[in-house]
Trainee: 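Please find one structure pasted underneath; my questions will follow.
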Amino acid sequence: MRDRLLAAEKVKAIDWRDGALHLLDQRVLPFEENWIAYTSAAGVAEAIRSMVVRGAPAIGISAAYGIVLAARARIAEGGDWYASLEEDFMLLADSRPTAVNLFWALNRMHDRLDRLKENADPLAALEAEAIAIHESDREANLTMAQLGVDLIRKHQGNAQAILTHCNTGALATGGFGTALGVIRAAFIEGMVERVYADETRPWLQGSRLTAWELANEGIPVTLNADSAAAHIMKTKGVTWVIVGADRITANGDVANKIGTYQLAVNAMHHGVRFMVVAPSSTIDMNLASGDDIPIEERDGAELLEVGGKRVGADVEAFNPVFDVTPADLIDAIVTEKGIVERPDTAKMAQLMCRKRLH
Ligand SMILES: CSC[C@@H](O)[C@@H](O)C(=O)COP(=O)(O)O
């Protein structure tokens, strides 16, 4: 299946070439395909904050390249570049709070820096580390896609209709996706009749990005308002809800795009299985439960305006952009290290002791 999956890798959002980080601007998709080149850590931090690049794994990969750009500038400045690079680590770490992949990637870059031998070429070592982070995410996507398909097969030969939320595809990762990677693979295996894509208010990752990615590949996709999800589960033969994650805690609680929690509650009510697909870089064993996850709140204007035009009354708006789904509403967490069914603290700890499967 691996070759067929690789052949399905068409879109990419992150390109490291000619000493610059090139990002496909997700703020203007699907209407414009505009690439922006970044040559500084400050530029990359702003790209993450403003969501030129988004999605937990893609944010981590971009931050890793941001450190390469920062190191190049600091070394050129001379002096104690190693100490001044700390400022760039802080800047990038401050760009968004919820997706732990950002901190995981920055820690990995920092560890690499700490392990530099005297006389080693620091820039070459950091660049190789960032590329390895990027490549390993791509590999993880492939492994998770295969595991997710096996899981669907195990429970139900056929996933007639799948419901998904936000965008978890090529635009959000270094490969072809986490949840959307499983959905793609299941489609290739002839197991998907239709994908229902929540529009994902207020930023519209579902209608602008997921629907675009799936339609480009000829995968039957129907867009729905987020509030239609329960009705769709009840009436359209949905067998699985499949979503990604921004942070998974030691007990298996999952932070993901706002609206995921209500999907899990509705899935349980309707007997629809609920699958979370995320690389192990999304798992934060330092946090005991989802109560400890910092939830990003963005500008209320994202709710009150559409395309820069005001659509809401002149009131205060509350705009948390993630929520936490408790572990006991989750049927399975699929990672590149393996699958955890009915997650709990013991099973998550066991998973994290395993080696990657590829
Ligand atoms: C593979 S992406 C998984 C999650 O990062 C995704 O579901 C999500 O919540 C993205 O949020 P975003 O605010 O668009 O960065």
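Counting starts at 1 for both ligands and their atoms, in listed order.
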Trainee: Can you sort out which atoms of ligand 1 are near Thr173, meaning under 4.0 Å from one of its heavy atoms?
Mentor: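 Those atoms are 1 (C).
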Trainee: In terms of atom number and element, which parts of ligand 1 are under 4.0 angstrom from non-hydrogen atoms of Gln205?
Mentor: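 Near Gln205, meaning under 4.0 Å from one of its heavy atoms, ligand 1 has 12 (P), 13 (O), 14 (O).
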Trainee: Between Glu189 and Arg153, is the closest basic N to carboxylate O distance under 4.0 Å?
Mentor: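 So Arg153 pairs with Glu189 through a salt bridge.
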Trainee: Ignoring angles and geometry beyond distance, decide whether Asp246 reaches within less than 3.5 Å of ligand 1 through its nitrogen or oxygen atoms.
Mentor: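 It does: an N or O of Asp246 is found under 3.5 Å from an N or O of ligand 1.
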Trainee: Can you sort out which atoms of ligand 1 are near Ala172, meaning under 4.0 Å from one of its heavy atoms?
Mentor: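 With Ala172 as reference, the close atoms of ligand 1 come out as 1 (C), 2 (S).
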Trainee: Purely on distance, is any nitrogen or oxygen of His165 under 3.5 Å from one on ligand 1?
Mentor: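 Min N/O separation from ligand 1 is not below 3.5 Å for His165.
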Trainee: Identify the protein heavy atom lying closest to atom 7 (O) of ligand 1, giving its residue, its atom name and the separation to 0.1 Å.
Mentor: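 In this structure, atom 7 (O) of ligand 1 has Asn256 OD1, 2.7 Å as its nearest protein heavy atom.
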Trainee: Between Lys257, Gln26, Arg54, flag the one that comes closest to atom 13 (O) of ligand 1 by a heavy atom.
Mentor: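 Minimum heavy-atom distance to atom 13 (O) of ligand 1 goes to Lys257.
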Trainee: Applying salt bridge (charged side-chain N to carboxylate O under 4.0 Å, His left out), run through Arg184 and Glu217 and close with a yes or a no.
Mentor: CA-CA 9 Å; Arg184 281 198 162 103; Glu217 285 179 35; 2.6 Å; yes
Trainee: Does any N or O of ligand 1 fall below 3.5 Å from an N or O anywhere on Cys166, backbone included?
Mentor: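 No, there is no polar N/O contact under 3.5 Å.
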Trainee: So which heavy atom in the protein is nearest atom 1 (C) of ligand 1, and how far is it from that ligand atom?
Mentor: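 Result: Thr178 OG1, 3.1 Å.
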Trainee: Quick check on Lys347: does its NZ atom have over 12 non-hydrogen neighbours (other residues, nucleotides or ligands) under 6.0 Å away?
Mentor: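 Yes - once you tally the heavy atoms of other residues, nucleotides and ligands closer than 6.0 Å, there are more than 12.
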Trainee: So is Ala56 polar-close to ligand 1, meaning N/O to N/O under 3.5 Å?
Mentor: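 It does: an N or O of Ala56 is found under 3.5 Å from an N or O of ligand 1.
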Trainee: Check side chain to side chain contact (heavy atoms under 4.5 Å, CB included) between Ile258 and all other residues, then give those that pass, not counting sequence neighbours.
Mentor: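 Here the qualifying residues are Pro320, Asp323.
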Trainee: Under a 4.5 Å cut-off applied to non-hydrogen side-chain atoms, are Ile330 and Val254 in contact?
Mentor: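 Of all side-chain heavy-atom pairs linking Val254 with Ile330, at least one is under 4.5 Å.
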Trainee: Are Leu24 and Val28 grouped together when hydrophobic residues (ILVMFWY) are joined by side-chain heavy atoms under 4.5 angstrom apart?
Mentor: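 They do not share one cluster, since no chain of ILVMFWY contacts under 4.5 Å joins Leu24 to Val28.
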Trainee: Among Met51, Arg247, Arg96, which one has a heavy atom closest to atom 15 (O) of ligand 1?
Mentor: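 It is Arg96 that holds the nearest heavy atom.
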Trainee: Do me a favour and list the nearest non-hydrogen protein atom to atom 3 (C) of ligand 1 with residue, atom name and distance?
Mentor: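 Checking every protein heavy atom, the shortest distance to atom 3 (C) of ligand 1 gives Ala245 O, 3.4 Å.
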Trainee: Test of understanding: given a 4.0 Å heavy-atom threshold, classify the contact between Ala58 and ligand 1 as side chain, backbone, both, or neither.
Mentor: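 For Ala58, there is no contact with ligand 1 at all, from either part.
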Trainee: Could you check Glu199 against Arg201 for salt bridge (charged side-chain N to carboxylate O under 4.0 Å, His left out), going step by step and ending with a plain yes or no?
Mentor: CA-CA 6 Å; Glu199 68 171 342; Arg201 281 279 288 151; 5.0 Å; no
Trainee: Return yes or no for this condition: an N or O of Thr168 is under 3.5 Å from an N or O of ligand 1.
Mentor: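 No, there is no polar N/O contact under 3.5 Å.
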Trainee: Is it the side chain (CB and beyond), the backbone, both or neither of Phe322 that lies under 4.0 Å from ligand 1, heavy atoms counted?
Mentor: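 For Phe322, the contact with ligand 1 is made by the side chain alone.
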